[in-house]
Amino acid sequence: MTETVDHSPDGEATRRDFIHIAAGAAAVGAGVMAAWPLINQMNPAADTLALSVIEFDVSKVAEGMQVVIKWQGKPVFVRHRSAAQVEEARATPLSDLKDPQTDADRVKAGKEAYLVVIASCTHLGCIPTFNAGDYGGWFCPCHGSHYDTSGRIRKGPAPTNLVVPTYEYVGDTVVKIG
């Protein structure tokens with residue numbers, strides 16, 4: 001047999017029950033209000049969010065040249081390759097590469113002339129020099145890494161290719177990085 005406990009002589013909730021419920025709800029609300037600033041401070045700052053995405057018009061880069069732009073505090077190379085450079089990069093056998101990756105994997109289809117890579121040597125983070133080295137791409141003067149015109153490591157201590165950031169074309173000539 002189950003015994004029921006009446007809250008009042010006539011079975012209805014009392015004022016004391018209401019005060020307990022109201023106090024519990026107020027405590028939960030106060031806890032949420034106290035926790036909100038602590039949780040919100042973990043969100044990225046507005047200046048960080050502003051740097052998370054950048055747009056650049058690649059038509060400003062003359063054929064055979066590159067520009068260096070800044071994205072998330074890092075330099076990024078945007079290179080306009082000639083048709084001969086694109087063909088040479090495509091024709092390179094994967095067996096010749098230290099970190100095998102095709103040129104098509106490093107550029108967007110239909111925009112093969114433009115290469116976008118983070119300008120940081122994958123060995124120790126130095127910034128490679130443009131149009132130098134044994135393969136016409138970049139040369140890292142710190143420890144002698146040679147990259148080809150597709151940003152792939154060909155010779156030297158760097159373990160991997162120059163990193164291709166996440167990017168997409170948002171117009172015919174405008175690229176959005178990030």
Side-chain angles (χ1 to χ4, degrees), residues 39-178:
I39 294 169
N40 193 40
Q41 63 90 23
M42 291 188 264
N43 288 327
D47 59 340
T48 303
L49 288 174
L51 289 174
S52 65
V53 175
I54 187 169
E55 290 185 2
F56 179 74
D57 186 357
V58 295
S59 67
K60 295 178 182 178
V61 186
E63 185 176 300
M65 300 304 294
Q66 82 171 9
V67 296
V68 181
I69 57 176
K70 198 169 191 177
W71 170 67
Q72 293 185 343
K74 298 177 264 191
V76 174
F77 292 146
V78 178
R79 183 175 188 156
H80 186 171
R81 305 181 298 172
S82 67
Q85 290 172 329
V86 171
E87 190 52 43
E88 181 183 337
R90 283 183 186 161
T92 303
L94 291 180
S95 60
D96 290 355
L97 301 174
K98 194 174 185 179
D99 181 16
Q101 191 176 27
T102 65
D103 185 62
D105 292 339
R106 300 181 58 76
V107 295
K108 299 294 181 189
K111 305 285 186 179
E112 291 86 3
Y114 295 102
L115 177 70
V116 179
V117 292
I118 295 178
S120 179
C121 178
T122 56
H123 178 232
L124 291 175
C126 300
I127 298 178
T129 56
F130 170 66
N131 220 12
D134 294 346
Y135 301 95
W138 293 272
F139 172 72
C140 183
C142 297
H143 298 101
S145 293
H146 297 256
Y147 297 92
D148 66 9
T149 57
S150 188
R152 299 174 295 193
I153 183 67
R154 299 294 297 272
K155 185 167 97 174
T160 59
N161 302 328
L162 293 176
V163 176
V164 176
T166 302
Y167 74 98
E168 64 181 341
Y169 283 89
V170 293
D172 287 339
T173 61
V174 178
V175 65
K176 180 173 84 170
I177 304 171

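In this text the structure is predicted, and so the values were computed from the model without any measurement.
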Roughly how far, to the nearest 0.5 Å, is [atom2] of [Y] from [atom1] of [X]?
| X | Y | atom1 | atom2 | answer |
| --- | --- | --- | --- | --- |
| R152 | T160 | CZ | OG1 | 13.5 Å |
| R79 | M65 | CZ | CE | 9.5 Å |
| T173 | D57 | OG1 | CG | 3.5 Å |
| N161 | T122 | CG | OG1 | 7.5 Å |
| H146 | K98 | NE2 | NZ | 10.5 Å |

Considering only heavy atoms from C-beta outward, does the side chain of [X] approach that of [Y] to under 4.5 Å?
| X | Y | value |
| --- | --- | --- |
| R106 | V117 | yes |
| L124 | H143 | yes |
| P159 | D99 | no |
| V78 | V58 | yes |
| Y135 | E88 | no |
| V76 | I54 | no |

Is the SG-SG separation for the cysteine pair C121 and C140 below 2.5 Å?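 No, the SG atoms are not under 2.5 Å apart.
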
Tell me if the centroids of the rings in W71 and F56 come within less than 6.0 Å of each other.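 No.
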
I'd like to know if the side chain of [X] reaches the main chain of [Y], judged simply by a donor and an acceptor atom lying under 3.5 Å from each other, with no hydrogens or angles considered.
| X | Y | result |
| --- | --- | --- |
| H80 | V61 | yes |
| S82 | G64 | no |
| S145 | A158 | yes |

Heavy-atom closest contact ([X] atom, [Y] atom, distance):
| X | Y | result |
| --- | --- | --- |
| I127 | P75 | CD1-CG, 3.7 Å |
| P128 | F77 | O-CZ, 3.5 Å |
| Y114 | S59 | OH-CA, 4.3 Å |
| T149 | A89 | OG1-CB, 3.9 Å |
| W138 | L162 | CE3-CD1, 3.9 Å |
| V68 | Q66 | CG2-NE2, 4.2 Å |

For R154, enumerate each residue passing the salt bridge (charged side-chain N to carboxylate O under 4.0 Å, His left out) test, keeping only those at least two apart in sequence or located in another chain.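 Result, salt bridge (charged side-chain N to carboxylate O under 4.0 Å, His left out) vs R154: D148.
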
With a distance cut-off below 6.0 Å to the six-membered ring centre and an angular limit of 45° from the axis, does K111 pair with Y169 as a cation-pi contact?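 Cation-pi check for K111 and Y169: passes.
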
Distance-only donor-acceptor check, side chains D103 and S150, under 3.5 Å: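 Yes, because at least one side-chain N or O of D103 sits under 3.5 Å from a partner of the opposite role on S150.
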
Would you mind checking if E55 and K176 are paired as a salt bridge, meaning a charged N to carboxylate O distance below 4.0 Å?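 No, K176 and E55 are not salt-bridged.
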
Over 12 foreign heavy atoms within 6.0 Å of CG, N43: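 Yes, the 6.0 Å shell around CG holds more than 12 heavy atoms from other groups.
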
